[in-house]
Amino acid sequence: MRNEQTGLITSLASHCWRLLSLRGDWKSMPDSAAFVWLAMGATLLGGLTEQLVRGRSLDVAVLSAVVWVGFILAVSRHGGIFDRRFAGALALLSIGIEGLLVLTIWIPAAEWPVAIWAGVAVMHLLFQANDAGAAAGR
């Protein structure tokens with residue numbers, strides 16, 4: 001059992017790294033509602049943690065985390081259908097971004113490059129999904 005858990009964590013970290021390095025593909029995510037909601041829960045907790053560690057008030061931290069999860073839910077709809085694979089990929093990417101942003105607390109000069117790269121990674125994933133949706137509609 002322990003070996004399976006280690007393999008799962010390693011696989012998730014690998015997918016996260018591939019998404020952060022612009023080499024990941026959202027279609028390689030599992031098509032599972034359980035995976036999506038676990039990833040969304042971790043994204044919500046990660047967002048709260050990142051904001052609280054930065055010294056934001058609890059109200060601002062909750063609002064920020066909930067808005068980001070709402071954004072993920074909103075952009076994960078293609079043609080009115082919720083795409084679990086895309087939502088899972090965006091949530092997993094968000095977890096990696098939040099982790100990097102927490103690390104930048106101790107390296108202040110790294111905050112802006114991480115934030116800019118995070119924006120590039122999110123836009124890359126959004127464009128990738130948009131291209132796939134456009135191709136499927138033809």
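Just so it is clear, the values below take in all heavy atoms, side chains as well, and ignore hydrogens, waters and symmetry mates. Residues: numbered from 1 along the sequence shown.
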Below 4.5 Å, heavy atoms only, C-beta onward: do Met123 and Leu126 meet side chain to side chain?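 Side chain of Met123 against side chain of Leu126, heavy atoms only: contact under 4.5 Å found.
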
Can you tell if the side chain of Gln128 reaches within under 4.5 Å of the side chain of Asp25, non-hydrogen atoms only?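 The answer is yes; the side chains approach within 4.5 Å.
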
Can you tell me how far [atom2] of [Y] sits from [atom1] of [X], rounded to the nearest 0.5 angstrom?
X: Ile81; Y: Ser76; atom1: CD1; atom2: OG; value: 13.0 Å
X: Arg23; Y: Trp17; atom1: CZ; atom2: CH2; value: 7.5 Å
X: Arg85; Y: Met29; atom1: CZ; atom2: CE; value: 9.5 Å
X: Leu22; Y: Leu125; atom1: CG; atom2: CG; value: 9.5 Å
X: Leu93; Y: Trp26; atom1: CG; atom2: CH2; value: 14.5 Å
X: Trp117; Y: Ser21; atom1: CH2; atom2: OG; value: 8.0 Å

Going hydrophobic residue to hydrophobic residue with side-chain gaps under 4.5 angstrom, can you get from [X] over to [Y]?
X: Leu90; Y: Leu45; answer: no
X: Leu73; Y: Val66; answer: yes
X: Phe71; Y: Phe86; answer: yes
X: Ile107; Y: Trp112; answer: no
X: Leu19; Y: Ile116; answer: no

Is there a donor-acceptor contact under 3.5 Å linking the side chains of Arg54 and Ser64?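 Note: Arg54 and Ser64 side chains miss the donor-acceptor criterion.
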
Answer with yes or no whether the side chains of Trp68 and Ser94 bring together a donor and an acceptor at under 3.5 Å.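 Indeed, the side chains of Ser94 and Trp68 share at least one donor-acceptor pair under 3.5 Å.
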
For the residue pair [X] and [Y], what are the closest heavy atoms and their distance?
X: Thr43; Y: Ala91; result: OG1-O, 3.1 Å
X: Leu52; Y: Arg56; result: CD2-O, 3.7 Å
X: Gly88; Y: Val36; result: N-CG2, 4.1 Å
X: Ile95; Y: Ala39; result: CD1-O, 3.8 Å
X: Ser28; Y: His15; result: OG-CE1, 3.5 Å

Please determine whether side chain to side chain contact (heavy atoms under 4.5 Å, CB included) holds for the pair Ile72 and Met40, giving the CA-CA distance in whole Å, both sets of side-chain angles, and the decisive distance to 0.1 Å. CA-CA 9 Å; Ile72 292 172; Met40 291 292 225; 3.2 Å; yes

